Q: 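The structure under discussion is supplied below as structure tokens; questions concerning it will follow.
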Amino acid sequence: MKMDLSFTPEEEAFREEVRSFIADNYPAKLKEVGGREDLGKDDMLAWHQILGKKGWSVPSWPKEYGGTGWNPTQKYIWNEESARAETIPPLPFGVSMVGPVIYTFGTPEQKERFLPGIVAGTTWWCQGYSEPGAGSDLASLKTKAERVTEDGKDYYIVNGQKTWTTLAQHADWGFFLVRTDPNAAKPQEGISFLLIDMKTPGITVRPIITLGGEHEVNEVWLDNVKVPAENRIYEENKGWTCAKFLLAHERSGIAGVARSKVGIDRIKKIASTELDEDQPLIENPFFKRKVAELEVDLAALEFTELRTLAGEAAGKGPGPESSLLKVKGTEIQQRIQELVLEAVGHYGAPYFRGYGEGGNEYAIGPDYAQRAAPTYFNGRKTSIYGGSNEIQRGIIAKMVLGL
Amino acid sequence: MKMDLSFTPEEEAFREEVRSFIADNYPAKLKEVGGREDLGKDDMLAWHQILGKKGWSVPSWPKEYGGTGWNPTQKYIWNEESARAETIPPLPFGVSMVGPVIYTFGTPEQKERFLPGIVAGTTWWCQGYSEPGAGSDLASLKTKAERVTEDGKDYYIVNGQKTWTTLAQHADWGFFLVRTDPNAAKPQEGISFLLIDMKTPGITVRPIITLGGEHEVNEVWLDNVKVPAENRIYEENKGWTCAKFLLAHERSGIAGVARSKVGIDRIKKIASTELDEDQPLIENPFFKRKVAELEVDLAALEFTELRTLAGEAAGKGPGPESSLLKVKGTEIQQRIQELVLEAVGHYGAPYFRGYGEGGNEYAIGPDYAQRAAPTYFNGRKTSIYGGSNEIQRGIIAKMVLGL
Amino acid sequence: MNFDFTETQTMVRDTLQRFLKDRYDFESRQKISRSEKGWSPEIWKAFAEELGILGASFSEDQGGLGGGQIENMIVMEEVGRSLVVEPYLSTVVIGGGFAREYDRTDIVEGIIGGEMRIAFAWAEPKGRFDPDHVEVTAKEKDGGFVLNGHKAVVRDAPSATHLVVTARTGGGTTDAEGVSLFLIPADSAGVQRRDYPLVDGGIASEVYFENAEVSHDALLGEAGKASATVRKVMDEAVVGLCAEAVGLMQQMNELTQSYTKERKQFGVPISKFQVLQHRMVDMFMEAEQALSMTYMAVNKLPDTASVAMAKAKIGKGITFVGQNAVQLHGGNGISDEYAIGHYFKRGTILEGQFGTTDHYLRRYERLTLG
Amino acid sequence: MNFDFTETQTMVRDTLQRFLKDRYDFESRQKISRSEKGWSPEIWKAFAEELGILGASFSEDQGGLGGGQIENMIVMEEVGRSLVVEPYLSTVVIGGGFAREYDRTDIVEGIIGGEMRIAFAWAEPKGRFDPDHVEVTAKEKDGGFVLNGHKAVVRDAPSATHLVVTARTGGGTTDAEGVSLFLIPADSAGVQRRDYPLVDGGIASEVYFENAEVSHDALLGEAGKASATVRKVMDEAVVGLCAEAVGLMQQMNELTQSYTKERKQFGVPISKFQVLQHRMVDMFMEAEQALSMTYMAVNKLPDTASVAMAKAKIGKGITFVGQNAVQLHGGNGISDEYAIGHYFKRGTILEGQFGTTDHYLRRYERLTLG
């Protein structure tokens with residue numbers, strides 16, 4: 001086999017299939033809204049549920065649990081077409097996070113109980129990892145779970161506080177890292193991985209409003225929350241194994257290449273409309289240069305991701321190299337957001353509260369300008385969450401370079 | 001007194017005086033050579049000696065030792081005019097380094113013995129600080145000096161190796177940091193500051209050739225070098241005090257603003273001659289932008305230096321803030337060198353060995369291209385020597401920000 | 001060459017700092033910014049009456065304290081440091097700037113007294129950063145003028161008693177010649193406003209002129225000749241923004257340094273991590289250089305190349321400082337509850353006000369590199 | 001989509017790596033580079049005969065091993081990793097490229113056998129990076145041509161048996177039309193060379209044509225029609241440079257990582273300082289991306305926009321890696337004794353070969369953004 005980065009006719013046919021399916025099935029309503037902020041819970045799940053029926057909601061999973069069996073190139077095409085159509089991707093908390101943990105570490109009963117809801121898009125998951133004192137240093141978490149027996153059944157009584165819990169306000173279930181052995185020798189030991197029904201008494205979800213004005217993240221307070229021991233994944237006190245697995249897993253799409261391509265196209269469109277010295281802004285050589293540099297850097301990221309995917313297909317597990325994809329991917333996303341804001345000029349400043357309740361009556365300036373600033377502000381999170389970019393560089397330094 | 005950053009008529013008159021003096025007295029021979037590399041020892045001292053006679057060789061020193069008594073603005077004007085005329089500045093090892101140590105910490109005898117040669121430019125000094133194992137971590141130096149008494153006189157017997165000793169091949173005297181107490185509690189303790197006659201038996205100077213092909217720095221080997229104890233400055237084992245003083249002292253001109261201005265002017269001239277797509281290179285908007293950004297950053301550095309000088313004049317000693325001047329100054333110098341190399345195009349690549357012995361018969365390409373690459377290569381040293389820019393940032397972090 | 005402040009200048013700064021510390025902490029600022037008005041008449045009154053700072057930058061002839069742009073710089077630095085939303089820039093620096101240029105003691109008096117607040121309506125939807133791009137028309141009629149057109153994102157218009165408006169009395173859309181300047185009451189007939197909040201905590205309006213008839217007295221200076229004066233006053237405003245940026249950057253640095261000293265991860269304050277230390281050093285160096293550039297620009301006024309340099313350097317610097325201040329605050333950096341994010345937002349918008357970094361670099365290039 | 005090498009490709013790489021490790025360590029390379037010739041006929045002979053790599057990139061029809069640009073990439077990466085000064089790029093990638101384009105099996109044979117070495121004379125003192133800027137003239141005379149003019153910094157000319165020269169047979173100075181290509185023996189009458197070493201360890205010449213008479217056979221292809229082919233082969237050469245840069249960057253990173261693990265300051269290896277760790281991570285990421293871009297560009301040949309992208313990204317990356325590799329080596333980084341400085345110097349010159357980062361960004365912009 002010779003190195004060949006072009007698409008085969010089969011792959012092109014697959015692209016056609018994917019493109020038609022999206023065109024024919026993507027809900028019309030979702031096309032009309034600008035940002036996720038304006039969507040209700042049902043709207044956000046609608047596409048996931050359609051994909052679930054098609055069998056395409058969890059492409060990266062093993063086939064036995066509902067995966068598609070696509071090769072890396074097919075997944076790449078899928079991501080690209082999804083981005084091109086600007087679909088709302090299935091929420092990652094089930095599909096990319098807890099799902100793989102469950103099918104890797106869960107018991108047959110747990111798999112049977114939890115996986116179908118993720119595949120079908122009927123269960124909304126959230127992630128209970130970060131705590132006010134445990135961000136980058138996740139292993140220092142304090143939320144504790146004490147084991148008790150009641151009526152012959154084992155439970156954990158969970159107390160503590162989680163934070164930055166994305167979209168917990170809609171969640172049916174959450175996966176939580178909790179401390180089950182406060183006396184463990186190392187902080188990573190003595191942590192367990194629990195699935196918790198978010199309707200359990202004692203759970204309080206409080207919004208955190210972020211810079212763009214969005215309610216996307218939450219504090220989650222756990223006050224004597226009673227969790228059946230059967231909801232623990234893997235061994236007690238070994239939850240760090242699941243946590244590490246989860247962090248390293250599912251790098252497909254982490255770089256956000258396909259969505260960034262769409263973002264750059266959007267910049268070009270905006271900059272062809274906006275005027276600068278009575279010429280289209282895109283004719284400003286320095287603006288054009290920024291676009292070109294983004295395209296160059298994105299191509300470098302894209303082919304690095306493709307190399308990583310090819311390595312995975314060849315049996316190399318997703319390794320710490322993928323930290324590169326996260327760092328460069330988020331840097332590019334942030335630069336795109338910044339450039340959109342630069343492009344829209346004065347109309348980046350008005351604060352548009354959205355069309356919903358409490359929103360402005362109508363928008364100020366061109367449509368494309370309305371969310372430029374909030375998106376940029378909110379986008380700063382991507383280099384902080386999921387292991388800050390500083391943490392990612394530390395991982396590469398240690399795991400790849402052995403420094 | 002109101003904030004006013006313009007020059008007074010007195011200051012403008014001073015500028016005239018300086019400018020005329022340089023024009024009338026700067027040796028014709030020195031004007032004709034391109035780089036310091038082509039100069040002999042006498043040539044390099046010639047201007048210093050002229051300034052010594054005029055009383056202008058050590059502007060920053062106290063008047064009693066030969067200083068000019070100029071205020072910061074006058075020193076600024078002096079630097080600017082010297083740079084504009086592209087004079088070869090007096091070597092810093094005597095004027096800015098050991099001189100101030102001697103007049104601050106030396107005995108009356110030492111002052112009388114050593115200072116006049118520095119002022120007059122008749123003694124060539126070199127600095128024996130760095131060792132192969134002690135660069136950024138200077139206090140870990142190993143060169144040792146054992147005290148002995150012979151015929152009723154005290155001596156140090158010095159053994160060890162120094163490195164990166166600039167222009168030691170011409171030096172009459174050197175100032176050395178040596179370890180006099182190997183058992184001191186902290187590495188900084190137990191170090192002494194010695195003046196050593198470079199003709200003393202046991203001293204070997206070996207060239208280190210650097211990237212540009214220059215012989216500018218050396219290794220200095222000390223093999224049982226016998227140094228009279230009277231040549232020690234300040235107390236035994238307290239040499240670190242002198243070393244710290246020296247590092248913090250004499251920040252006037254450290255930023256190299258005036259010389260960088262001349263460098264940028266040179267870039268503009270080159271870029272007006274060089275063609276790019278049949279237009280002068282300076283018309284390339286991206287090249288022009290780099291020049292503009294250099295000018296902007298240089299202005300920021302210049303006014304930061306002026307603020308620092310004003311603070312010094314107001315009695316605030318040169319503080320760790322001056323690390324900023326070193327970091328930004330060297331960054332700008334390196335960018336200038338890089339941009340010159342970019343400007344000269346293909347003719348940056350030929351290796352021009354100079355006009356001297358072993359040199360090429362005649363130069364390849366335009367005159368201004370000949371030293372572009374060596375200067376850029378050699379210029380990488382400025383962010384390494386004198387406390388690397390990483391060390392400087394560490395100083396600011398600790399001393400200014402208290403982190 | 002002298003970098004010192006006069007005693008009066010030092011007094012202005014100290015008094016204002018004390019006042020803002022007492023009455024304008026972050027909580028109070030948020031309350032004001034989120035109030036229905038979006039600004040505080042009480043604070044403005046205090047500026048005028050308790051502090052008297054509204055007159056600091058006017059000559060004694062005009063009823064001021066005898067100061068000038070350095071006083072504006074001093075105040076604007078504190079505006080930045082405390083995220084003040086009240087319209088000092090619009091009213092005193094810009095409105096006052098025009099009053100100074102056209103020798104209108106009556107306007108100066110109104111400003112100093114606090115009863116006159118001004119918004120500067122110059123930008124237009126298609127004009128980006130070119131003040132000569134004026135599509136709003138002013139046609140002579142019955143000895144006065146009739147204005148028609150649309151001004152975009154007029155900062156502080158909702159709180160203004162008066163608008164200074166650029167309108168075209170002649171020439172083509174982007175000609176310097178033909179730009180005229182009018183001072184009109186904000187509630188003039190035919191002037192429609194759509195008010196809204198800004199993402200940085202300020203307020204602004206879209207202003208629509210629909211056959212707005214104004215008297216001939218509304219004209220500032222000579223008809224069609226306003227372009228140079230507009231640019232001059234805009235440069236003064238940009239210096240004000242630079243000073244505001246200095247206050248923002250210094251405060252972001254202080255907040256970040258304190259936060260990282262408090263915040264522990266892996267058992268140590270995160271300020272102990274070398275990478276974060278060097279980042280904070282780079283942030284510090286940007287703030288220092290911003291201060292230097294502001295001093296340079298204010299002293300060299302009306303040299304427009306110096307202003308362009310300063311805005312360019314500071315625009316880049318504040319972006320760097322803001323983004324990293326948020327980054328070093330971690331999740332809390334993007335939380336609405338923490339002050340840092342609001343400094344970042346103000347800094348972000350400031351970078352583009354009157355023109356982005358790129359705009360001012362190009363301006364500098366054209367002025368000096370041909 | 002497939003990133004794997006064939007068995008033959010892997011063999012070429014492994015054999016070459018082994019050879020260079022044995023016979024071309026840094027000391028040997030310095031000796032060769034500083035020898036009077038500035039290159040090693042023995043090494044070249046070994047390339048041809050022992051390793052057979054000079055034929056790796058030619059089709060079997062032409063007597064090669066059946067490879068192509070991927071083989072050139074593989075070799076060039078090793079050229080970079082070991083700082084090889086012998087003229088693989090000039091002879092095989094460029095000379096061989098023209099031979100392939102013009103279907104000249106005789107040239108291919110000469111190259112593969114090692115007896116023919118080629119230098120590409122395209123640049124001119126006033127042309128910078130425009131291959132259509134050709135002032136050297138070729139006038140028809142007696143069925144042949146007479147060449148006059150000056151070619152600048154012709155890399156590998158001192159070791160070449162033949163020169164490929166662009167010369168103008170028609171059109172204006174920068175017209176694409178009218179550029180012709182000649183293959184002439186380096187020792188042709190009327191061809192004067194001034195040979196000199198380069199700062200990166202290579203060799204080059206100024207080449208002067210003074211009524212140099214060449215036969216009609218010297219013309220490659222059709223007179224006046226060479227421009228597109230020149231650009232195509234130059235793109236292949238640029239991909240070769242990208243691969244060389246990958247080898248340089250990877251080696252600089254390895255040298256720097258080893259050095260910082262060995263070098264102690266303040267009682268610990270300097271590789272333990274977080275700032276230096278993150279710097280080395282950024283250097284690593286540049287090298288990874290350079291490799292990705294090279295794969296992309298070689299696979300998308302003859303897509304010139306991809307080549308431009310790759311060269312731009314890699315030019316920026318190698319500057320970053322080189323400068324920081326030197327910085328992290330401290331004083332030793334600028335010492336002639338240490339290998340790192342020589343990698344840095346080669347990388348520096350490579351960044352500008354055929355065009356700087358800025359040049360290729362502009363090229364990309366024109367090709368894709370209008």
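Convention: sequence-line order gives letters A, B, ...; per-chain numbering from 1. Because the structure is predicted, anything quoted here is derived from the model rather than measured.
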Q: Let me know if Tyr364(C) has heavy atoms under 4.5 Å from chain B in its side chain, its backbone, both or neither.
A: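 When you check distances to chain B, only side chain atoms of Tyr364(C) fall under 4.5 Å.
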Q: Show which side-chain atoms of residues 295-302 of chain C pair as donor or acceptor with protein atoms under 3.5 Å away, not counting sequence neighbours.
A:
unit_1	atom_1	unit_2	atom_2	d
Asn299(C)	OD1	Leu5(B)	N	3.4
Asn299(C)	ND2	Tyr295(C)	O	2.9

Q: Between Lys328(B) and Glu331(B) (salt bridge meaning N to carboxylate O under 4.0 Å), is one present in this structure?
A: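 Salt bridge: yes.
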Q: Quick check with a 6.0 Å cut-off and a 45 degree axis cone: is Arg13(C) positioned over the face of Phe5(C)'s six-membered ring?
A: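 No.
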Q: Going by an N to O cut-off under 4.0 Å, is there a salt bridge joining Arg393(B) and Glu390(B)?
A: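 No.
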Q: Below 4.5 Å from any heavy atom of chain B, which atoms of Lys313(C) appear? Answer side chain, backbone, both or neither.
A: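 For Lys313(C), the contact with chain B is made by backbone and side chain together.
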Q: Could you tell me if Ser57(C) and Asn72(C) have a donor-acceptor pair between their side chains, going purely by distance under 3.5 Å?
A: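 Side chains of Asn72(C) and Ser57(C): pair found under 3.5 Å.
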Q: Between Lys311(C) (side chain) and Gln353(C) (backbone), is there a donor-acceptor pair under 3.5 Å?
A: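 Side chain of Lys311(C) to backbone of Gln353(C), a donor-acceptor pair under 3.5 Å: yes, one is there.
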Q: Donor-acceptor check, side chain of Asp303(C) to backbone of Ser306(C), threshold 3.5 angstrom: yes or no?
A: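 Present.
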Q: Which residues in residues 287-294 of chain C have any heavy atom lying under 4.5 Å from a heavy atom of chain B?
A: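 Within residues 287-294 of chain C, the residues that come under 4.5 Å of chain B (heavy atoms only) are Glu288(C), Gln289(C), Leu291(C), Ser292(C), Met293(C).
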Q: Non-hydrogen atoms of chain C under 4.5 Å away: do they reach the side chain of Glu283(B), the backbone, both or neither?
A: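 Neither part, no heavy atoms under 4.5 Å.
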Q: Between Thr368(C) and chain B, which part of the residue has a heavy atom less than 4.5 Å away: side chain, backbone, both or neither?
A: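 Answer is side chain: those atoms of Thr368(C) sit under 4.5 Å from chain B.
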Q: Pick one of side chain, backbone, both or neither for Lys398(B), based on which atoms fall under 4.5 Å of a heavy atom in chain C.
A: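 No part of Lys398(B) comes within 4.5 Å of chain C.
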Q: Inspect the contact between Glu365(C) and Arg362(C) and indicate whether a charged nitrogen and a carboxylate oxygen are less than 4.0 angstrom apart.
A: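 Result for this pair is no, no salt bridge flagged.
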Q: Where on Thr304(B) is there a heavy atom nearer than 4.5 Å to chain C: the side chain, the backbone, both, or neither?
A: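 Its backbone and side chain both get close to chain C.
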Q: Can you list the residues of residues 233-247 of chain C that sit under 4.5 Å from chain B, counting heavy atoms only?
A: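 At a heavy-atom separation under 4.5 Å, chain B is reached by no residue of residues 233-247 of chain C.
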Q: I'd like to know if the side chain of Glu17(B) and the backbone of Phe14(B) have a donor-acceptor N/O pair within less than 3.5 Å.
A: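 Checking the backbone N and O of Phe14(B) against the side chain of Glu17(B), no donor-acceptor pair under 3.5 Å is found.
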Q: Quick one, Leu298(B) with Leu294(B), criterion side-chain contact (heavy atoms from CB on, under 4.5 Å). Give me CA distance, side-chain angles, the key distance, then yes/no.
A: CA-CA 6 Å; Leu298(B) 188 57; Leu294(B) 267 171; 5.9 Å; no
Q: Tell me whether the count of non-hydrogen atoms from other residues, nucleotides or ligands lying under 6.0 Å of NZ in Lys232(C) goes above 12.
A: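 Incorrect, the count does not exceed 12.
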Q: Looking at Ala372(B), is its backbone amide N or carbonyl O close enough to the side chain of Thr375(B) to form a donor-acceptor pair, meaning the two atoms are under 3.5 Å apart?
A: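 No; judged by distance alone, with no hydrogens or angles, the pair does not exist.
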Q: Please determine, by modelled atom types, if Ser271(C) and Gln257(C) share a side-chain donor-acceptor pair under 3.5 angstrom.
A: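 No.
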Q: Using non-hydrogen atoms and a limit below 4.5 Å, what part of residues 314-332 of chain C faces chain B?
A: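 Lys316(C) fall under the 4.5 Å cut-off.
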Q: Between Ile70(C) and chain B, with a heavy-atom cut-off of 4.5 Å, which part of the residue counts as in contact: side chain, backbone, both or neither?
A: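 The answer is the side chain of Ile70(C).
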Q: Could you look at Leu306(B) and say if it's the side chain, the backbone, both or neither that has a heavy atom under 4.5 Å from chain C?
A: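 Both parts, backbone and side chain.
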Q: Does the pair Asp130(C)/Arg231(C) count as a salt bridge with the N-to-O cut at 4.0 Å?
A: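 Counted as a salt bridge, because a side-chain N and a carboxylate O are separated by less than 4.0 Å.
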Q: Under a 4.5 Å heavy-atom cut-off, does chain B meet the side chain of Asp358(C), its backbone, both or neither?
A: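 Its backbone and side chain both get close to chain B.
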Q: Is any NZ, NE, NH1 or NH2 atom of the basic residue among Glu12(B) and Arg15(B) found under 4.0 Å from an Asp or Glu carboxylate oxygen of the other?
A: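 Salt bridge between Glu12(B) and Arg15(B), a charged N being under 4.0 Å from a carboxylate O: yes.
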Q: Determine whether the aromatic ring centres of residues Phe21(B) and Trp56(B) are separated by less than 6.0 angstrom.
A: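 Under 6.0 Å, so yes.
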Q: Keeping Thr87(B) on the side-chain end and Ala83(B) on the backbone end, is there a donor-acceptor pair under 3.5 Å?
A: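 Not confirmed, Thr87(B) side chain does not pair with Ala83(B) backbone.
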